[in-house]
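Below: one structure, written as structure tokens.
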Protein chains: 2
Amino acid sequence: MRNAEFDKEKVLRSAMNAFMNKGYANTSMQDLKKATGLHPGSIYCAFENKRGLLLEALEQYRLDRKAEFDKFFSATERTIDNLKSYLDNVVNECVSCDNTQACLLTKALNETAEQDVEIQQIISNNLSMLQQAFADKFEQAKNEKDISADKDSEHLARYFLMGIYGLRTFAQTHPKPEVLTQLAEQLYQDVLR
Amino acid sequence: MRNAEFDKEKVLRSAMNAFMNKGYANTSMQDLKKATGLHPGSIYCAFENKRGLLLEALEQYRLDRKAEFDKFFSATERTIDNLKSYLDNVVNECVSCDNTQACLLTKALNETAEQDVEIQQIISNNLSMLQQAFADKFEQAKNEKDISADKDSEHLARYFLMGIYGLRTFAQTHPKPEVLTQLAEQLYQDVLR
DNA sequence: GAGTATCTTGAACGAACATTCAAAAAGGAA
DNA sequence: TTCCTTTTTGAATGTTCGTTCAAGATACTC
């Protein structure tokens, strides 16, 4: 017997960065070799093919984002404060020009839409889970009396997520921090109102 | 002498549809041949190369969208009603599952970001022009007393555009008409408030 | 420490890609 | 009609792509 040498999580994070930087189709096997440090044969041995690598990278991305989400929403007792922190973090990600600014999910969704139904379904499910997680937090904020009881948590979650999508796209052309901050501020206000 | 046989506008619209359907990188020359009806040689003769075709398609897209914009905003006297119609049209585009649902600009922006600075610049400029056009309309609505005078038209335009971006992305995973309509409705309300 | 199962390596593969080009076709001018 | 110029055609080009595979390396088992 012999175990694999590489750290799978590290490899997957390298791969997801590569995919986010250049897009899935434009990321060649050579790019992936350079990014992950794995030779083609190893990649095919571990992930079957390039698409398999994307699939596992998407799953790792989901886990990482879930951990990040939980971290933000266990920071303070007041849910709406955590929500604000989360949103501020999105803005900061957009401002700092590193590749993390783009969400792998929406990026891959844009690219593979209408072409690979299975991947589209996986991404949709991931985004739905995020939406549901937000809805739960809005429900919590209602219990904490920070959001009026007559609001629909599901709708708030959808609107909030829509705002984040829009913010990220907007940031790609106008990444001025003060403008993004202002947009995020209004989004936050509109959701609370 | 001899004139070219093909209708350039038709060819460009076919090409932009192909690019929107499969993405720029994933659209092969064979796809473009099938979509436009032009043989490779003709494409290279007329547009230099695949990238040149994208450049001209982007310009055609800008012209088409500008015409569409002007059509909507000359429909009625009240600017905010036209704004609402414009937004409803975005929702309708998202609901009908044809490829037009994705904006070529944001799609290409997502794909070529960080890779082709010139194209990124062109797209940014186009989106800035759209943003400015919205700002002008919001200013007009202020003059028509439908939006309070203390609002910042530029900010409203940015927020509105952000909402449209978000709506389009959201629609890719959850294209239920009533949900999108509800989101668009709140966006409209939040902008007017 | 020998045997073996598994992983790593990187050269090699066919396919598909964007691009080129020379020959054929066709419009315009005479 | 004839000639010239430009376009159209589609096969050919070299490159790069994702993928495979056989040989070498390595760690675990006994």
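Naming convention: chains lettered A, B, ... in sequence-line order (proteins, then strands); numbering from 1 in each chain. Since we're looking at a predicted model, the values are computed, not measured.
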Quick note, B:K50 side chain, CB onward, closest among C:dT19, D:dT19, C:dT8 is C:dT19
Between the side chains of A:S124 and B:H174, does any donor sit under 3.5 Å from an acceptor? no
For the side chain of A:Q115 and the backbone of B:K22, is there at least one donor-acceptor N/O pair under 3.5 Å apart? yes
What is the distance, to the nearest angstrom, from the CG atom on A:D31 to the P atom on D:dT19? 14 Å
Tell me the interatomic distance from A:M29, atom CE, to C:dA15, atom P, rounded to whole angstroms. 19 Å
Quick one: B:L54 CG to C:dT19 P, roughly how many Å, whole number? 12 Å
Checking contacts here: which listed nucleotide (D:dT9, C:dC7, D:dT8) is nearest the side-chain heavy atoms of B:C45? D:dT8
Should A:I164 and A:R168 count as side-chain neighbours, where that means a heavy-atom distance under 4.5 Å? yes
Using the ring of A:Y24 (Phe, Tyr or Trp, six-membered ring only), decide whether A:K107 places NZ or CZ under 6.0 Å from its centre and within 45 degrees of its axis. no
Atom CZ of B:F47 and atom P of C:dT19: how far apart are they, to the nearest Å? 14 Å
Tell me if the aromatic rings of A:F134 and A:Y86 count as close, with their centers under 6.0 Å from one another. yes
Quick one: on DNA chain D, does A:N26 or A:S42 contact a more 5' nucleotide (nearest heavy atom)? A:N26
Contacts of A:G41 and A:T27 projected onto DNA chain D by closest heavy atom; the upstream (5') one is A:T27
Counting heavy atoms from C-beta on, name the nucleotide in D:dG18, C:dG10, C:dT8 closest to the side chain of A:S28. D:dG18
Let me know the distance between NZ of A:K33 and P of D:dT19, rounded to the nearest Å. 16 Å
Interatomic distance where CD1 belongs to B:I43 and P belongs to D:dT7 [whole Å]: 15 Å
Has A:H39 got a side-chain N or O lying under 4.0 Å from the OP1 or OP2 atom of C:dG10? yes
How long is the line joining OH of B:Y44 and P of D:dA11, in whole Å? 17 Å
Separation of C:dC17 C1' from B:L53 CG (nearest whole Å): 16 Å
